[in-house]
Number of protein chains: 2
Amino acid sequence: MKFAKIPMATINRLSVYMRTLQELLEEDVEVISSERLAKQCGVNPAQIRKDLAYFGEFGVRGVGYHVADLVNQIKEILGLSRTWNLAMVGLGNIGSSLIRHGNFVKHGYIFTAAFDVDPQKVGKKLPNGLVVNHVDELEEVIRERDVHIGVIATPAGAAQSVANQLILAGINGILNFAPVQIQVPDCCHVENVDFTIKLDCIAYHLSTGV
Amino acid sequence: MKFAKIPMATINRLSVYMRTLQELLEEDVEVISSERLAKQCGVNPAQIRKDLAYFGEFGVRGVGYHVADLVNQIKEILGLSRTWNLAMVGLGNIGSSLIRHGNFVKHGYIFTAAFDVDPQKVGKKLPNGLVVNHVDELEEVIRERDVHIGVIATPAGAAQSVANQLILAGINGILNFAPVQIQVPDCCHVENVDFTIKLDCIAYHLSTGV
DNA sequence: GAACCAATGTGAATAAGGGCACAACGTTGG
DNA sequence: CCAACGTTGTGCCCTTATTCACATTGGTTC
């Protein structure tokens with residue numbers, strides 16, 4: 001176990017490993033080798049061992065990894081042995097469908113606030129019981145409800161301004177669905193989810209690959 | 001201009017550049033330097049020049065890049081000077097909201113087919129006029145409507161089987177929203193959109209960064 | 001309890017990617 | 001027409017990430 005700087009790619013892969021391991025757990029697989037896990041995750045076995053080695057020794061030589069244990073270890077590493085409170089900003093198509101989406105809760109992410117600017121939406125009750133607040137109340141509500149992570153699902157034009165408000169409210173982690181690069185101070189970590197980019201990438205491969 | 005293998009990261013960035021350039025175009029900016037564009041995209045200026053250099057010389061020394069031209073050039077590179085037909089598989093929360101989402105059409109991606117297994121959904125007409133087909137008809141409909149790219153928005157459990165069917169139907173590009181790694185032959189290109197991974201990544205930063 | 005087995009953990013080798021710094025070269029001004 | 005300027009395009013280097021290959025070591029068997 002070292003204290004080297006951990007590559008971002010490693011963190012991403014840990015998340016993938018965890019998901020695969022959780023599936024294996026449901027299939028009552030108790031132990032798995034890096035080789036088999038690697039195949040299932042589509043990576044190199046050495047990669048898995050090295051990724052894990054950043055954080056400790058979790059395997060048993062000659063045997064492999066104990067699935068249930070490893071899931072817990074990775075959860076601990078990623079900071080997932082707790083729950084995180086999310087705030088959704090923007091309740092258009094994407095925003096509303098994400099709030100209804102069950103995968104968040106399943107992994108310990110709980111929406112505790114939702115915002116929009118549309119007066120027709122403000123005050124409405126969402127399927128999960130949340131009442132929509134106006135964006136003007138953002139800072140107050142976010143502090144009040146102990147929100148840790150902001151989710152931006154507004155149109156592109158509003159994203160930067162929302163990000164600014166989130167940061168003012170003390171948020172240090174943002175998941176951005178708007179198709180723009182938002183600028184934030186170093187203390188804040190932004191992850192972009194941009195399927196247009198992914199589609200462009202597919203288009204490129206289809207055009208050149210043939 | 002070389003014929004080296006293009007890094008995937010370059011393709012992703014080209015897509016980002018294009019989006020930023022399109023914004024600039026709407027603000028009537030005619031010419032831009034790599035330095036200014038870089039700042040706006042959050043990358044290194046040399047990176048931009050190098051990315052573009054893979055495909056040709058698009059700038060004017062001492063001046064910069066002509067915005068409108070560069071947009072077209074990048075479109076040409078990525079294969080976006082045409083439209084692409086998409087098929088949505090899975091009309092749950094995410095699937096339906098994506099179909100309603102305007103950004104796809106704006107960038108030349110058109111849904112020409114939609115599938116689900118739920119008998120209550122099959123036959124229904126979607127807001128964009130598409131009638132939902134049963135997944136059993138997938139291969140037939142996809143060939144008939146000349147679909148190029150499959151979008152998987154099913155639960156995790158169904159994703160691999162849907163992917164298999166898409167590939168049988170001759171699809172070579174898949175955008176996967178299901179939170180699993182799907183296995184496909186080399187001829188098919190898969191891009192995953194997995195916000196759980198992104199959230200885990202934020203959680204990691206929040207837990208360690210403080 | 002000793003010898004064998006199998007899969008881990010890791011140092012070294014390889015590959016890839018990103019950034020600096022400068023030469024090349026249009027453009028503009030005198 | 002020439003010189004000065006500014007930004008591109010790119011060779012080189014450095015950093016980072018991935019893969020290989022093997023020594024290490026817990027478990028298992030006889």
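Values in this document were obtained by computation on a predicted structure and should not be read as measured data. Chain identifiers are assigned alphabetically (A, B, ...) following the order of the sequence lines, protein sequences preceding nucleic acid strands; residue numbering begins at 1 within each chain.
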Is the number of heavy atoms from other residues, nucleotides or ligands under 6.0 Å of Arg36(B) CZ greater than 12?
no
Ignoring backbone atoms, test whether Gln47(A) places a side-chain nitrogen or oxygen under 4.0 Å from the OP1 or OP2 oxygen of dA17(D).
no
At less than 4.0 Å, is any side-chain N or O atom of Tyr54(A) found next to OP1 or OP2 of dA17(D)? Yes or no.
no
With a 4.0 Å cutoff (strictly under), does any side-chain N or O of Ser33(B) reach OP1 or OP2 of dT7(D)?
no
Identify whether any heavy atom of Ser34(A) sits under 4.0 Å from a base atom; if not, whether one sits that close to sugar-phosphate; answer base, sugar-phosphate or nothing.
sugar-phosphate
Length of the CE-P vector between Met8(B) and dG18(C), whole Å
13 Å
From C-beta outward on Ala53(A), which listed nucleotide comes closest to its side chain: dG18(C), dT10(C), dG9(D)?
dT10(C)
At less than 3.5 Å, do the side-chain atoms of Arg61(A) and the base atoms of dA6(C) form a donor-acceptor pair?
no
N/O donor-acceptor pair, side chain Lys50(A) with base dT19(D), under 3.5 angstrom
yes
Take the protein atom CG of Asn12(A) and the nucleotide atom P of dT18(D), then report the distance between them rounded to whole Å.
10 Å
Inter-residue atom distance Lys50(B).NZ - Arg13(B).CZ, 0.5 Å rounding:
10.5 Å
Start at the 5' end of DNA chain D and walk down; is the nucleotide closest to Val60(A) or to Ala46(A) reached first?
Ala46(A)
Looking at Arg143(B) and Glu139(B), is any side-chain nitrogen of the basic one under 4.0 Å from a carboxylate oxygen of the acidic one?
yes
Want to settle it: does Val63(A) or Arg49(A) sit nearer the 5' end of DNA chain D, counting the closest nucleotide to each?
Arg49(A)
I need the NZ-P distance between Lys39(A) and dA7(C), as an integer number of Å.
13 Å
Over 60° means perpendicular and under 30° means parallel, so classify the ring planes of Tyr204(B) and Phe55(A), tilted if in between.
perpendicular
Atom-pair distance (CZ on Phe58(B); C1' on dC25(C)), nearest Å
18 Å
Gap between atoms CG and P, on Asn44(A) and dT14(C) respectively (whole Å):
16 Å
